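Beneath this line is the structure, given in C-alpha cells, with notes to follow.
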Amino acid sequence: MGTVLWVQPLGAPARPQGQRPAREANAQGRAFYFTRAEYTSYGRRRFGSWAVDFPKADRQFLIGLRHLTNIDAYELENPVRLDDPDLRRFPFLYALEVGYMSLTEPEVAGLRDYLLAGGFLVIDDFWGTRQWANFEAEMRRVLPEYDIVDIPVDHALLSAFYHIDEILQVPGRGGGVNGRPTWQYDGYVPALRGIFDQHGRLMVVINWNTDLGDAWEWAEDPWYPLQFSNFAYQLGINMILYGMSH
Amino acid sequence: MFEGLFQFLFKYRPVVFERGELAFDAPWPIALVLLAGAAAALPAVVIYTRPQARLRTPDRALLAGLRLAVLGILVFCLARPMLVIATVVPQQNFLGILIDDSRSMQIADEGEQPRSEFIHETFGPEGSELVAALGDRFKLRFFRFSETVQRLGDVGELTFTGRRTDLARALDAARRELAAVPLAGLVLITDGADNADAPLTEILLQLAAGRVPVHTVGLGAQRFAKDIALERVATPRTVLQGSSVAVDLTVAHSGFGGETVRLTVEDAGRIVSAQDVRLPGEGETAPVRVHFTANEVGPRLFRFRAAAQPGEAVSQNNVLEALVFVDSGERKILYFEGEPRFEVKFVRRAIADDENLRVVVLQRTAENKFYRIGVDDPSELAGGFPKVREELFRYDGLILGSVEASFFTHDQLGMITEFVGQRGGGLLALGGRHAFARGGYAGTPLAEALPIVLDSDASSDGGSFFAEVKVGLTPYGRGHPVTQLAEDVESSEARWKELPELSMLNPLREVKPGASTLLTGRAADLSDPLVVLAHQRYGRGRAMAFPVQDSWLWQMHADIPVDDMTHETFWRQLLRWLVSGVTDRVAVTSSLDRVERGAPVTITAEVSDSGYIRLNGAEVVANVTTPGGLEREVPMEWTVERDGEYRASFLAEEDGLYEVRVQAQQAGVPLGSAESYVQAGDLQTEYFDAEMRASLLERIADETGGRFYTPATIGTLPEDVSFTESGTTVHEERDLWDMPVLFLMLVGLIAAEWGYRRQRGLA
C-alpha cells in the first residue's frame, strides 16, 4: 500500500459535487486524462482509501505512458467523484483500495451509468478475501446483473501494446525484496478478473492481490524490484490502450 | 369573333388569304386602267397644287391625298384583284385521320365526359357534320395509335387502353401507309401527351418536305382544375440493409394550394413511412424529402403515394414507384488512427451491431508501432498503412484520424486520393491535433479530395486553437440521410439541439465550391460558424470531413441517457452513406430501374483489375433471368468510348422483375460479378403529364403547314383542309374587288373629304 497524499474526512465525499481542481491551460482538448475515482470509503480512520498513492503514482505513471506511447495524455492527475456528472467525460477510470469502498447511492448510480454508457474502470490494490468480499458486494450494487469472471491470459487486453503472458503479483513498497513476501493478508495469488457486458465488452478490469499503483509510484526507487515496476507499467499501458479502443 | 369579323370585311376567312396568292385579271389592259386612273387624278393634282388664298398648304395636301386614295381604290377594283388558291378535287384525295387510343383519353378533365367522348360523338356510327363534310371532300383513312399504330376500320374498335403515346411513330406510320396515294393531309386527334421520348423533328421535316400538312386537334384541358401528381422521385439505386433512405419527391398540384395531403411509402404493401405535406400556392411544386428504413433484403419496389383527394382529375398520378436494391453485403472500412483516442472505441462500439459494416482499425500507438483490431488474417496490415493500391483498394471506405501528413509518403497520399477518385471509395477525415491544416495536409494531393478549404495559415497558430462548439444542422443537412436522428425531420432537428458540445482543434470555415455542408458548429467566442460535417463527390467516390475530435461525447455525456442511440445512429448512417455507392471491380447499372413491358433495357458494366485500373480486354457476359425464370446469356461489348465500359441491351418482354448478373473474366481468370435488377410492367405513364399539350400540337401544325384546333374550333377543319398543295388539286380564283372593306373604305374616304371641306368652309 502506498502513501496517502490527499486527505478526506471519513466516509464523506472528497469534494462537493461540481468543484474540481482548476486545470492548466494546456489541459483542454487532450485525448486522455488519467482519471482517478473519488469514492466514499469506511474503515480507514483518517484517510479516504481512493487517494492512496495520489497523486505521485498518477503523475509518475503518466510520465511513463507519455514516454512509451504516442498518446496525447494530460500530464497531471485528474480525480473525479463518482457522483459527478463530469465523470462521463473521462471514459477511463482508475480506482484502488476498493476493499474499503462504501459507495453512497448517488455514487452507485453514477458509476453504473458510467459503465453502461461505455466507461472503462480499472481496479487496483486490494488484497485478500475480506477486501474482495467488500468490493464484490459494492460492485453487486453497481452492476447486479453481471458476474465477475477471470480474464484469460490470451485475452486481447494482454497484447494491446505489450505481450503479457503471465500475471505477476506486484507488491507494495518494501515487498518482494530481501525475502519479504509479495502478498498481503491472505492474498497469495494475483488475479486478473473482469466484468463483461451482455455484448462481451469488458467494462471493468480487476487487479486483485496486486498493487500496480505502488509500482508506478516507486518505479524510480532503486530498491523497488524492476521486474514488478516493468510489469506494472506494461499492464497499465495495455489496460489504457485496450480501454481506449474496445 | 375575330374570324367572323374578318370574314365580314374581307369576304373570306383568314386561311384563304394565308394559302392564296394575289393576282389581277382586269378586263382591259392593265396599262389602260392605270392611264385612266392617272387621267382622273390629274385634275385633282393640278387644282390642289395651285396656290389658293382660301387653302393652306396642309389643307391642300390632305384633300389631295384623300382624293388620290379614292381613285387608288377604284383603280385597284378596276384591275380585278383576286386570290388564286389551290383546293382539292373532291374525292380525289385521301385524308389520314389519326386517333389517340391511349389511356389518357379516358381522363374526364372537362366536365363529366372523358376525352374519348369527342371521338365517339364525332366519328361514331351516328355520324357528324364534320365527318360528312370531310367525307364529301376526301377519302378518309383512319388510324389508331398509342405505343403502336394500326389501321382503324370502326371507331368501336378503340379501347383507349394504350400504355404510351408515341406521336412520332404514329405520324411516320400514317405517312408511310398513305405514301402511294394523293394525300391532302393528316388530322391528328390527341391530347398531345406524348411520353415516348422519341424525337419529332425528323418526321416533321419529312412531312413538311412532302407538303403534307398535319392538322392537330387537341382534346382535354391544358391545366387540370384539381389534381395532385407525384412528378419525380429520386432514390439511391442501392442501399445497405437497415439504412435510413432519403428520397426526394416533387409533388405538383392544381387547385389544392394550402391543403395538406398524406404521403406514404410502401414496401410490398406495408407502409414504412408516412408524413403530411402542405401544398404550396397555385402553380408551385412542393419538394419533399421522405425518410424510411430499408429492412428487407433484395430488389424492393417502393411505392410512394399521395392520398387521392376528392375531385381530382387523375388519381393514378398520385403514385410513383422506385426499385431499390437493398444490399445485405458487408462493407469493410479501414480506420487509420495516428494516436490512441477514444473515437476508436466508440466508433467501433457504434457499429458493432451493424452487420453491413465492419471497421478494421489500424492505430499507431507509438513510433512505428501499430495496433490492429478486426483484421481478417495475421498478414492484413502487418506492414502498417497500405503501401500499394491492391492493399488499400480492398476496403470500401477509409477513415483518417489524427495522423500527420508527413507520416505518409507522397505516393501514399496520392494513393488515398485515387482510392476516392478512381476506386470510388469513401473517405472520412476526422479532426485532431494532427489532422487537416494542423497536420500539414495543405498543398498535399489529399487536400484536393477533401471537401474543405485547408488554409495553410491555420497551421501557423502554434496548434493552440481549441473551441467547444454547439453543433447544428444546415438547411441542407436538415434533410440529409446522414443527419437524421429521428423518424421525422422535425424530431431530428429537435434532437440535434439537445446534443452536448464537442471540441474542435481544427478551425475549418470554408468548403470547396462543389461541396455541401451538413453540420456547423458555433462557439461563444467565435464570430463565424465552423464546418463540422461536409462532403463532396470526388471522382467516383465521396470525401467527407468531420473535424471534431470527440463525437463520443454524444454517447458518454451526462446529458445523454444510457440507452440513447443517437451516437450509434449517427455513426451508422454516416459510414453507411459513405460507402453505400462503392462498387466492386465489376459493377453493373441498367439504363432504367423500371420499364414498360416490351421496352429495351440497356445495361452497362464497368470492369477493373485489382488495382481498379479499367480493363478493356475482358470477356463480359450478362446472364438475364426473366420473371418467368428463363435464363439468357447476353454478351457485352466494350463501348470504346470509355475504358473498362461494356454494354448490352435486351427487351423486357414480360411483366415482372428481370435479374441481370454480369460476370467478367480475363484469360480465364475470373474478375468478379455484379447484379442489377429491372422491373418491367405497367408504369401508368399515360397518367403523368397528361394535360393537353397545346404547345406541342401547335408546333406540329406550324412546322407542317397545318392548323391547330380544339373541339370548339374544329368546324372549319373541312374547308381548311381543302386548301392544300398536296394531293390532287385545282386552282380556284376568288374575286376581291367586291370585298365589303373596299366599299367601306371608299365611303369613308369620300365622307372624310366632304366633312373636312365643310369644316374648313370650302363646301
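Quantities reported herein were computed from a predicted structural model and do not represent experimental measurements. When reading the values below, keep in mind they use all heavy atoms of this one structure, side chains included, and skip hydrogens, waters and symmetry mates.
Proximity of A:D72 to B:P340: side-chain heavy atoms (C-beta onward) are nowhere separated by under 4.5 Å. Between B:K345 and A:H246, every side-chain heavy-atom pair lies at or beyond the 4.5 Å cut-off. Between A:R88 and B:V562 the shortest side-chain heavy-atom distance falls below 4.5 Å.
Of the two parts of B:E468, only the side chain, counted from C-beta on, holds a non-hydrogen atom closer than 4.5 Å to a non-hydrogen atom of chain A. For A:R112, no part lies near chain B; criterion is any non-hydrogen pair under 4.5 Å. Contacts of B:A467 with chain A are absent, with no heavy-atom separation under 4.5 Å from either backbone or side chain. If you measure heavy-atom distances from B:Q555 to chain A, the contacts under 4.5 Å come from both the backbone and the side chain. At a 4.5 Å heavy-atom cutoff, the contact between A:A160 and chain B is made by backbone and side-chain atoms alike. For A:L87, no part lies near chain B; criterion is any non-hydrogen pair under 4.5 Å. Of the atoms belonging to B:F342, heavy atoms from both backbone and side chain fall under 4.5 Å from chain A. Heavy-atom distances place both the backbone and the side chain of B:E339 under 4.5 Å from chain A. Interface residue B:F346: only side-chain heavy atoms are found under 4.5 Å from chain A.
Residue-environment remark: CD (B:E330) exceeds the threshold of 12 foreign heavy atoms within 6.0 Å. Within a 6.0 Å sphere centred on CZ of B:R522, heavy atoms belonging to other residues, nucleotides or ligands number 12 at most.
With chain B as partner, the option from A:Y114, A:F161, A:F92 having the largest number of non-hydrogen pairs under 4.5 angstrom is A:F161. Of the residues considered (B:R372, B:E343, B:R364, B:M504), B:R364 shows the highest number of contacts with chain A, using heavy-atom pairs under 4.5 Å. Contact tally against chain A (heavy-atom pairs below 4.5 Å) for B:D550, B:I560, B:V361: the top residue is B:I560.
Residue A:R30 holds its CZ atom at 10.5 Å from CD of B:Q549, rounded to the nearest 0.5 Å. In this structure, OG1 on B:T365 lies 12.5 Å from CD1 on A:I240, to the nearest 0.5 angstrom. Here A:R89 contributes atom CZ and B:S503 contributes atom OG; the two are 8.5 Å apart, rounded to the nearest 0.5 Å. Put simply, NE2 on B:H434 and CG on A:N70 are 7.0 Å apart, with the number rounded to the nearest 0.5 Å.
In terms of heavy-atom proximity, A:G118 sits nearest to B:R349 at CA-NH1, 3.5 Å. Of all non-hydrogen atoms in A:R201 and B:A352, the two that sit nearest each other are NH1-CB, 4.3 Å. What you find for A:S245 and B:Y371 is that their closest heavy atoms are OG-CE2, 3.5 Å.
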Item to check | Candidate pair B:D353 and A:H199, rule side chain to side chain contact (heavy atoms under 4.5 Å, CB included), full reasoning | outcome: CA-CA 9 Å; B:D353 292 337; A:H199 303 291; 4.2 Å; yes
Next on the checklist: B:V344 vs A:M244, test: side chain to side chain contact (heavy atoms under 4.5 Å, CB included). Steps then yes/no.
Outcome noted: CA-CA 7 Å; B:V344 173; A:M244 293 183 79; over 6 Å; no
